[in-house]
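Encoded as structure tokens, the structure appears first; notes follow it.
By convention here, the first residue in the shown sequence is residue 1.
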Amino acid sequence: MSVPGETSHYIMAPEMRKKELDKVKIDKLNPREAAVMMLCYPKNQILHLALILRPTYEGVHSGQIALPGGKVEKEDANYQETALRETWEEIGVEQQTVTVVKSLTRVYIPPSNFWVYPFLGYANEQPKFERQIEEVDKIIEIPLTDLLDESNVFLKKITTSYANDIEVPCFKLDGYTVWGATAMMLSELKSLFKSVKVL
């Protein structure tokens, strides 16, 4: 099963992000590396996805919706191990309960200079979540049908740490606005699910 790749990312990428990525030589910036988990699981017989709300802090990703994950540590054997470890640390899902289905396409995040490697994981049962208070303000459980619903895609003008009043493509999920790198990764997940018609 192939993945949709960067074409699906660009559906939810702000125009300035596209222009920036077209001209930047990423490898020359010596980017750091991170990995995230797109954790799917059954809840009330409906497939759900776990997202997190980041706390408000002095940083470029303050108060944003994200996928559980974080930077690669030297003890991690590979990116998949990073994603599993960070998922356990941030939302309390034990690593042995997650089956990693596949890796998806990495995304570069200019404001923080990170390559992020996403993984699709599946848990057979609804996890007993326990958030890491310092890193996670709230755990948000999204039905996958909401992600696939085209009426939940819209354009919004926002102000970020690096630009004012820019129009960006967003998902509206459980009342939250999801944009930027997280939206780009979710766009690939959405394309993947639609291609295999699992819902």
Side-chain angles (χ1 to χ4, degrees), residues 8-9 11-14 34-57 59-71 82-95 97-101 104 107 109 112 114 116-156 158 160-161 168-194 198-199:
S8 59
H9 291 168
I11 295 170
M12 298 301 290
V36 298
M37 182 64 69
M38 299 176 175
L39 179 63
C40 297
Y41 55 91
K43 178 182 179 182
N44 301 326
Q45 299 182 323
I46 298 172
L47 197 60
H48 278 64
L49 171 73
L51 299 175
I52 61 174
L53 175 63
R54 292 289 183 200
T56 301
Y57 63 97
V60 295
H61 303 302
S62 172
Q64 292 183 7
I65 303 297
L67 292 154
K71 65 180 180 180
T82 300
L84 286 166
R85 175 184 55 75
E86 286 283 345
T87 301
W88 172 68
E89 290 177 0
E90 290 195 335
I91 61 175
V93 179
E94 296 183 2
Q95 299 181 44
T97 67
V98 179
T99 298
V100 176
V101 179
L104 280 81
V107 174
I109 304 180
S112 52
F114 264 99
V116 178
Y117 294 80
F119 290 83
L120 172 59
Y122 179 75
N124 288 322
E125 298 179 352
Q126 181 182 356
K128 295 179 181 178
F129 293 114
E130 184 174 346
R131 69 183 176 93
Q132 184 182 36
I133 296 173
E134 298 81 9
E135 299 285 339
V136 180
D137 195 56
K138 184 180 180 182
I139 297 169
I140 304 164
E141 299 182 78
I142 303 296
L144 260 293
T145 49
D146 287 2
L147 179 64
L148 301 185
D149 186 347
E150 294 297 340
S151 69
N152 288 329
V153 177
F154 67 108
L155 291 173
K156 182 178 180 179
I158 64 171
T160 73
S161 60
V168 300
C170 305
F171 290 110
K172 180 64 74 175
L173 300 173
D174 195 31
Y176 292 95
T177 299
V178 185
W179 62 280
T182 300
M184 291 166 68
M185 288 183 277
L186 290 182
S187 181
E188 183 175 30
L189 181 65
K190 174 182 173 180
S191 297
L192 181 64
F193 275 124
K194 286 200 168 188
V198 296
L199 296 173

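The structure places CG of L189 at 8.0 Å from CG of L148, a figure rounded to the nearest 0.5 Å. Q126 CD to H48 NE2: the interatomic distance, rounded to the nearest 0.5 Å, is 7.5 Å. Here Q95 contributes atom CD and R85 contributes atom CZ; the two are 8.5 Å apart, rounded to the nearest 0.5 Å. Rounded to the nearest 0.5 angstrom, I140 CD1 and I91 CD1 are separated by 11.5 Å. With rounding to the nearest 0.5 angstrom, the CD1 atom of I65 is 8.0 Å from the CD1 atom of I142. Here I11 contributes atom CD1 and S191 contributes atom OG; the two are 4.5 Å apart, rounded to the nearest 0.5 Å.
Formation of a donor-acceptor pair under 3.5 Å by the N152 side chain with backbone atoms of D146 is found in this model. Without hydrogens or angle criteria, N44 side chain to I46 main chain gives no donor-acceptor distance under 3.5 Å.
Smallest separation of non-hydrogen atoms from S8 and S187: O-OG, 2.6 Å. Across all non-hydrogen atoms, the minimal contact from Y122 to P42 is OH-CD, 3.8 Å. The shortest non-hydrogen separation linking W179 to P169 is CB-O, 3.8 Å. Contact between G121 and V98 at its shortest, heavy atoms only, is CA-CG1, 4.1 Å. Residue L49 comes nearest to C40 through the heavy atom pair CD1-SG, 4.2 Å, listed as atom of the first residue, atom of the second, then distance. When all heavy atoms are compared, the tightest approach of E141 to K43 is OE2-NZ, 3.2 Å.
Taking the side chain as every heavy atom from C-beta outward, V153 and F171 approach each other to under 4.5 Å. A heavy-atom distance below 4.5 Å is found between the side chains of K190 and K194.
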* To do: I would like to know whether L67 and L51 meet side-chain contact (heavy atoms from CB on, under 4.5 Å); could you show each step before the answer?
  => CA-CA 5 Å; L67 292 154; L51 299 175; 3.5 Å; yes

* Could you go step by step and tell me if L84 and V100 meet the side-chain contact (heavy atoms from CB on, under 4.5 Å) rule? -> CA-CA 9 Å; L84 286 166; V100 176; 4.0 Å; yes

* side-chain contact (heavy atoms from CB on, under 4.5 Å) between V178 and M12, worked out -> CA-CA 10 Å; V178 185; M12 298 301 290; over 6 Å; no

* Taking it one step at a time, do L192 and M38 satisfy side-chain contact (heavy atoms from CB on, under 4.5 Å)? -> CA-CA 12 Å; L192 181 64; M38 299 176 175; over 6 Å; no

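Qualifying side-chain contact (heavy atoms from CB on, under 4.5 Å) partners for I133, counting only residues two or more places apart in sequence or in other chains: R131. With sequence neighbours left out, the side-chain hydrogen bond (donor to acceptor under 3.5 Å, both in side chains) criterion links E130 to no other residue. By the ring-ring contact (aromatic ring centres under 6.0 Å, His included) test, F154 is found to be paired with no residue, residues two or more places apart in sequence or in another chain being considered. Legend: residues meeting side-chain hydrogen bond (donor to acceptor under 3.5 Å, both in side chains) with T182, ordered by chain and number and at least two apart, are absent. With sequence neighbours excluded, the residues that form a side-chain hydrogen bond (donor to acceptor under 3.5 Å, both in side chains) with Y176 are K138. For E90, the side-chain contact (heavy atoms from CB on, under 4.5 Å) partners two or more places apart in sequence, or in a different chain, are I52, R54, P68, E86, Q132, E135, V136.
Between E94 and K128 no salt bridge is recorded (no basic side-chain N to carboxylate O distance below 4.0 Å).
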